Amino acid sequence: MPFRLLAVLAHPDDESFGPGGTFARYADEGVDVHIAIATDGAAGSVATGYEEARERLADVRAVELVQAVEILGATLHNLGYRDSGYINDPANEHPAAFVQADLTEATGRVVRLIREIRPDVVITHDETGGYFHPDHIQCWRITTPAFHAAGDPEKFPEIAAPPFQPQRLYYTALPNTWLKIVVLMTRLMGRDPTKFGRNEDIDITKVGVDPGSIHARVPYKKYFNVKRKASAAHASQGGGGGFRLPIWLQRQFLSHDNFIRAYPPLPDVDKEHDLFAGIIPADNQ
Ligand SMILES: [Zn+2]
């Protein structure tokens, strides 16, 4: 049996703009990669030329997501929530918005996926959500308890699939050293790094974690173009082109993904370079 990986991420595009290189690499290496996206992306911004798609954005993004996940070589799952907006966005008030979800019920959706897929490794956003997006933080909020509950027969007994405990939990992380370069480049390009992104609502001077808190750096240089291709599938989101960094610089810095190992705790010694190092597939044990 191959290793299995489950990532629980917030939006259609997080799988590609985020650790897409890692997913492409593991899928190519024979890992059974599963990507669960929590929301429909309906509250996302739209790229220039996609203004008319505004009203049917969830449908447009669903199609883009299917393409992107196929390019990465993974299997797609949807948690089925409505996209919440960024901080203070009125979309957060929608009763179906992911941030309004009942936490126990939402945790159960992830427990069900874990019990059905039986992943060795689970990945989700960290508690900052990367850039403080409420949906990203919500993924962390439900996936962390789901990881610990999935193997406990007394938790969520109504889920028919048998209890299963994954071996490792990782959070995606952006080291702020890297972001300091982005802040510098942004300033050099005459833009304000406190008003980053298409909606100019992200302060990237506050984004990122201390590099000392990063446990795993997974190289994916060989899969840079797969990640780019998957990102490009999200055309209504600008296909990653909104990043506005020259390709040579992206290739330089987008060569590995960073993760914090949430479980089991890792003594702060050598960095990991492979999320599966030292474990054997659960169903081979
Ligand atoms: Zn997102």
Side-chain angles (χ1 to χ4, degrees), residues 6-23 34-47 50 53 57-58 60-69 72 74 76-92 94 96-101 106 109-110 122-144 170-174 179 182 196-204 206-209 227-228 230-244 254 257-260:
L6 169 65
V8 180
L9 302 171
H11 304 113
D13 74 15
D14 287 323
E15 82 299 331
S16 299
F17 297 176
T22 294
F23 299 145
H34 294 258
I35 295 169
I37 298 296
T39 75
D40 59 6
S45 52
V46 288
Y50 280 82
L57 195 53
V60 170
R61 299 197 65 186
V63 173
E64 293 173 344
L65 178 61
V66 167
Q67 287 173 352
V69 170
L72 295 175
L76 175 65
H77 306 265
N78 293 293
L79 287 192
Y81 291 101
R82 192 179 194 281
D83 194 1
S84 318
Y86 198 56
I87 301 162
N88 297 329
D89 190 309
N92 290 326
H94 195 288
F98 186 32
V99 289
Q100 300 287 346
R109 294 192 195 193
V110 180
V122 175
I123 294 173
T124 192
H125 300 283
D126 76 338
E127 73 262 38
T128 73
Y131 64 106
F132 314 108
H133 195 297
D135 284 332
H136 288 216
I137 296 170
Q138 190 81 327
C139 282
W140 166 79
R141 205 174 270 144
I142 65 170
T143 304
T144 304
Y170 288 94
Y171 298 146
T172 58
L174 284 171
L179 275 147
V182 178
F196 202 72
R198 197 176 301 114
N199 294 336
E200 303 191 337
D201 54 2
I202 302 166
D203 179 356
I204 55 166
K206 292 202 172 69
V207 169
V209 299
K227 176 187 168 82
R228 277 193 72 205
S231 297
H234 292 286
S236 73
Q237 297 298 298
F243 208 59
R244 295 195 183 88
L254 300 179
D257 289 318
N258 298 281
F259 300 92
I260 292 167

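Note that the structure is a prediction, hence the values are computed from the model and not measured. First listed ligand is number 1; within each ligand, the first listed atom is number 1.
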Near the Zn ion (ligand 1), meaning under 2.8 Å, the protein N/O/S atoms are H11 ND1, D14 OD1, D14 OD2, H136 NE2
Residues N92 and S84: closest non-hydrogen pair is OD1-CB, 3.1 Å
For R228, I'd like to know if atom CZ has over 12 heavy atoms of other residues, nucleotides or ligands within 6.0 Å.
no
From OG1 (T22) to CZ (F259), nearest 0.5 Å:
4.0 Å
Tell me whether the centres of the aromatic rings in H133 and H11 are closer together than 6.0 Å.
yes
For R109 and H77: C-alpha separation, side-chain torsions, deciding distance, then whether side-chain contact (heavy atoms from CB on, under 4.5 Å) applies.
CA-CA 11 Å; R109 294 192 195 193; H77 306 265; over 6 Å; no
Could you pull out the closest heavy-atom pair between E15 and I37, with the gap in Å?
OE1-CD1, 3.9 Å
